[in-house]
Peer 1: 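Provided herewith is a single structure, encoded as structure tokens, for subsequent inquiry.
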Amino acid sequence: MAPLEPWEKVLVSENFLISSHGSVSCISCHGGEQSPDKETAHTGLVTHPSDDAAAYCATCHADVVNSSQESLHSTLSGYKVSMYSRSIPENHPALDEAFGNHCSSCHTSCGDCHISQPDSVGGGFLSGHEFVETPPMTRTCTACHGSRVGNEYLGKNSEEIPGDVHFRIARMNCVSCHTGSALHASSVDTGNTRYTASQEPSCRGCHAEIGAAGDTVAQHSIHQDKVQCQVCHSIEYSSCDNCHVEISSKTGNPFYTTDAHYLGFYIGRNPIQSEERPYEYVTVRHIPIAPDSYSFYGEDLLPNFDLVATWAYATPHNIQRVTPQNQSCDACHGNSDLFLTVDKVKPEELDANKDVIVESIPE
Amino acid sequence: MRRSIFIPMMITLCILAACSPASVPVDDKEAEGQPASSATGVVISESSTVDQCVECHTDKSKLIDTAKPEEVVVKESEGTG
């Protein structure tokens with residue numbers, strides 16, 4: 001889609017005005033004052049009513065609002081859990097400050113999925129202010145989830161790396177797998193990170209026949225839950241090294257620097273093995289963290305850096321039926337290039353990744 | 001403050017909506033020319049006077065005249081986010 005013109009972003013359509021939501025006056029949601037003068041009309045404007053969904057949406061959508069308020073999109077608790085797990089309570093205030101400056105802008109309001117494009121891509125109505133039931137993939141989801149998931153799914157990482165089979169062949173989009181109720185769900189009971197809960201969605205949820213009696217693919221019956229599906233069905237994906245955050249002395253704006261961004265495919269041992277994710281071997285990617293990521297906010301803020309792997313459990317979104325590594329048994333068995341061996345890990349991160357590093361390649 | 005107008009208004013809307021014939025979608029205009037809000041029986045005060053917000057936000061040329069030029073954001077971040 002061509003970028004929206006500034007006026008287009010805020011042009012309200014007739015369809016909105018005749019819809020349930022549009023039959024309420026603008027002022028009852030946005031504040032402001034009746035005036036033909038823009039500045040006056042905008043005094044006390046509430047630009048993002050759905051940041052306070054309890055006030056503006058809950059009267060009619062109580063269930064969605066109640067659970068959504070505790071969803072990862074709303075709380076971003078995944079970030080906090082990840083910061084805190086490498087730190088100590090004394091450092092939480094400094095880390096909270098960093099979070100406030102650099103992460104909280106990713107907070108996702110109802111409006112970011114249903115009404116407007118996220119601010120990070122300049123905002124603008126999805127459709128003349130209508131409350132759109134199904135969030136459009138490239139204008140909402142991948143506006144935020146672009147650099148990893150979006151590029152993988154749509155095949156934008158490189159000419160040689162095709163997009164996900166579910167996109168190319170099955171013409172599915174994000175919400176075909178990530179349902180509204182899952183995205184609205186509270187994460188409080190599930191550990192507040194994306195991989196602590198049950199697998200949602202799960203590959204087997206749709207492909208129940210895999211590994212079951214009658215499956216003719218030998219690789220399925222042999223490996224079952226020892227090997228995560230993506231180990232055989234995904235291809236090169238991106239990893240990032242270090243993300244260093246600071247406040248600019250020139251402009252006062254927050255900014256970040258990432259050291260390296262590279263494509264690769266790495267099979268590691270499962271750092272978060274559990275009943276829900278019983279696999280011995282999984283795909284892993286380097287996440288943008290380093291001991292000095294938050295050094296702008298204080299010294300040694302991540303003293304427990306080695307407690308959590310920097311090569312993290314990954315579910316790359318570029319599934320293919322046939323991949324270089326699943327073409328034969330030997331394409332994978334004994335092929336050390338595919339595995340996260342000690343030589344691929346930075347010396348200063350060996351401790352953090354001791355549970356992930358593969359010592360002996362499966363023969 | 002704003003909530004104090006909004007919530008009672010919404011509650012009234014909901015209550016009225018509940019009285020209206022089962023799930024008549026508001027945007028299903030019963031007859032051409034009827035105000036859309038009549039399905040819920042809500043009389044929105046602005047229908048008699050002009051709602052200045054609607055006036056401007058449905059008028060392309062007014063929006064073009066008043067829209068702030070897009071700010072050129074200095075990109076200070078480096079690498080992939």
Side-chain angles (χ1 to χ4, degrees), chain A residues 3 5-15 17-38 41 44 46 49 52 55-56 58-60 122 128-129 146-148 238 240-243 245-246 248 250-251 253-261 288, chain B residues 1-18 23-29 34-40 42-47 49-71 73-81:
Chain A
E5 296 293 333
W7 59 269
E8 253 181 317
K9 293 181 176 176
V10 297
L11 181 68
V12 171
S13 72
E14 189 60 27
N15 278 346
L17 296 173
I18 59 174
S19 72
S20 334
H21 301 103
S23 60
V24 182
S25 79
C26 315
I27 285 184
S28 55
C29 287
H30 287 289
E33 283 170 24
Q34 283 296 338
S35 163
D37 171 59
K38 181 186 168 194
V46 178
D52 192 355
Y56 295 98
T59 24
C60 304
H129 206 323
S147 59
R148 269 188 303 130
S238 61
C240 273
D241 286 354
N242 195 0
C243 175
V245 293
E246 267 176 65
S248 163
K250 269 187 290 173
T251 61
N253 292 331
F255 72 100
Y256 61 80
T257 321
T258 48
D259 285 355
H261 171 89
Chain B
M1 267 300 286
R2 280 180 300 273
R3 283 200 212 181
S4 59
I5 343 173
F6 183 77
I7 290 179
M9 183 153 184
M10 279 316 196
I11 292 171
T12 319
L13 237 176
C14 287
I15 294 168
L16 290 170
S23 72
V24 176
V26 179
D27 54 3
D28 231 351
K29 275 191 277 178
Q34 249 188 311
S37 53
S38 69
T40 52
V42 174
V43 181
I44 291 168
S45 53
E46 284 82 19
S47 56
T49 53
V50 176
D51 183 330
Q52 301 288 355
C53 317
V54 176
E55 280 295 290
C56 185
H57 278 272
T58 52
D59 185 338
K60 176 174 161 183
S61 55
K62 276 198 191 135
L63 291 174
I64 291 177
D65 292 345
T66 53
K68 267 189 283 180
E70 302 272 90
E71 284 169 49
V73 187
V74 212
K75 195 176 178 287
E76 290 170 282
S77 294
E78 277 171 44
T80 321

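Labels below follow one simple rule: chain letters A, B, ... track the order of the sequence lines, proteins then strands, and each chain is numbered from 1.
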Peer 1: At their closest point, which heavy atom of B:Thr58 faces which heavy atom of A:Leu17, and how far apart are they?
Peer 2: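 For B:Thr58 versus A:Leu17, the nearest heavy atoms are CG2-CD1, 3.9 Å.
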Peer 1: Between B:Cys53 and chain A, with a heavy-atom cut-off of 4.5 Å, which part of the residue counts as in contact: side chain, backbone, both or neither?
Peer 2: both
Peer 1: Provide the closest heavy-atom pair for B:Lys68 versus A:Lys38 in the form atom of the first, atom of the second, distance.
Peer 2: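 Taking B:Lys68 first and A:Lys38 second, the nearest heavy atoms are N-NZ, 4.2 Å.
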Peer 1: Does any heavy atom of chain B fall under 4.5 Å from the side chain of A:Pro288, the backbone, both, or neither of them?
Peer 2: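 No part of it gets close to chain B.
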Peer 1: If only atom types and distance count, is the side chain of A:Gln34 paired as donor or acceptor with the main-chain N or O of B:Gln52 below 3.5 Å?
Peer 2: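 Yes, A:Gln34 side chain to B:Gln52 backbone: donor-acceptor pair under 3.5 Å.
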Peer 1: Rounded to the nearest 0.5 Å, how far apart are NZ of A:Lys9 and CG of B:Leu63?
Peer 2: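 One gets 13.0 Å once the value is rounded to the nearest 0.5 Å.
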Peer 1: For the interface with chain B, which of A:Ser35, A:Cys243, A:Ala41 has the highest count of heavy-atom pairs at distances below 4.5 Å?
Peer 2: A:Ser35
Peer 1: Counting only heavy atoms closer than 4.5 Å, note whether B:Asp59 contacts chain A via side chain, backbone, both or neither.
Peer 2: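 The backbone, not the side chain.
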